[in-house]
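Working notes, structure below.
If you read the sequence from its start, that first residue is 1, and numbering goes on from there.
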Amino acid sequence: MPISRRTFVRASLVSTTLGAFAARSVNAALPAAVFDAPNPTAAIRAAMGSTEAVADDRVRLNIPDRVENGDVVPVSVTADFGNVQRIALVADKNPMPVIAVFRFTPAVEGFIATRIRLAETGNVMALAESGGKLLTVNKPVQVMIGGCGSD
């Protein structure tokens, strides 16, 4: 039996609505205060529960020093210690500084690799949480063109 146009349109609307609710629930994993934060420190506090992070060389941030296009910046973070619970990526010059927070189960190695957008030249920070402590690494990145705030 062929599907009618009306049935197709109705099914499309239902699936789009369900997709929108699913996307909202994914974003709801972070508190609303993360998105409304007036500065990077407040955003980190909202996302991670604290801003008291200690620099540690066991957290490695692999990101280029200079990028031609801020729209697509490759980044990876490795946390060389056990029981990594979360890794967060923060860009201090982005309109919303907390880019992502990745949650881990105890069976998973503390490693992420992704691509991010940078609005402009600034510092990118990786925070790794283990046992209630935040360990961090910070790296300046120069953005030549583009970025999430440019036209």
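The pair Asp65-Lys139 meets the salt-bridge criterion, since a charged nitrogen lies less than 4.0 angstrom from a carboxylate oxygen.
Asn94 contributes a side-chain N or O that, together with a main-chain N or O of Ala119, makes up a donor-acceptor pair within less than 3.5 Å. Not one N or O on the side chain of Thr136 forms a donor-acceptor pair closer than 3.5 Å with the backbone of Leu127. Ser130 places a side-chain N or O within 3.5 Å of a backbone atom of Asn83 that can act as its donor or acceptor partner. A donor-acceptor pair is defined here as one N or O able to donate and one able to accept, closer than 3.5 Å; such a pair exists between the side chain of Arg86 and the backbone of Ala47. Checking side-chain atoms of Thr114 against main-chain N and O of Val75 turns up no donor-acceptor pair under 3.5 Å.
Leu89 and Ala126 get closest at one heavy-atom pair: CD2-CB, 4.3 Å. Here the closest heavy-atom approach between residue Leu61 and residue Val124 is recorded as CD2-O, 3.5 Å. What you find for Ala88 and Val101 is that their closest heavy atoms are CB-CG2, 4.0 Å. The minimum heavy-atom distance between Ala79 and Val84, with the atom names listed, is CB-CG2, 3.7 Å. Closest heavy-atom contact between Ile87 and Ala128: CG1-CB, 4.3 Å. Closest approach of Pro64 to Pro74, counting heavy atoms only: CD-O, 3.4 Å.
Residues Phe111 and Asp80 have side chains not in contact (no heavy-atom distance under 4.5 Å, counting atoms from C-beta outward). Residues Asp92 and Pro97 form no side-chain contact, since every pair of their non-hydrogen atoms from C-beta on lies 4.5 Å or further apart. Proximity of Arg58 to Leu135: side-chain heavy atoms (C-beta onward) are separated by under 4.5 Å at one or more points. Counting only heavy atoms from C-beta outward, the side chains of Met96 and Val34 never approach each other to under 4.5 Å.
Between Val73 and the options Ile99, Ile116, Val143, a side-chain contact (heavy atoms from CB on, under 4.5 Å) holds for only Ile116.
For CD of Gln142, the number of neighbouring non-hydrogen atoms (other residues, nucleotides, ligands) closer than 6.0 Å is greater than 12.
If you take OG on Ser50 and NZ on Lys133, they are separated by 12.5 Å, rounding to the nearest 0.5 Å. Between the CD atom in Glu129 and the CD atom in Gln85 there is a gap of 5.0 Å [rounded to 0.5 Å]. Rounding to the nearest 0.5 Å places CG of Asn69 at 8.5 Å from CZ of Arg117. One finds the OG1 atom of Thr51 at 7.5 Å from the CD1 atom of Ile44 (value rounded to the nearest 0.5 Å).
Residues Val72 and Val77 fall into different hydrophobic clusters, defined by Ile, Leu, Val, Met, Phe, Trp and Tyr side chains chained together at heavy-atom separations under 4.5 Å.
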Check your understanding: Could you walk me through whether Val141 and Arg66 pass the side chain to side chain contact (heavy atoms under 4.5 Å, CB included) check?
Key -> CA-CA 6 Å; Val141 178; Arg66 182 182 206 170; over 6 Å; no

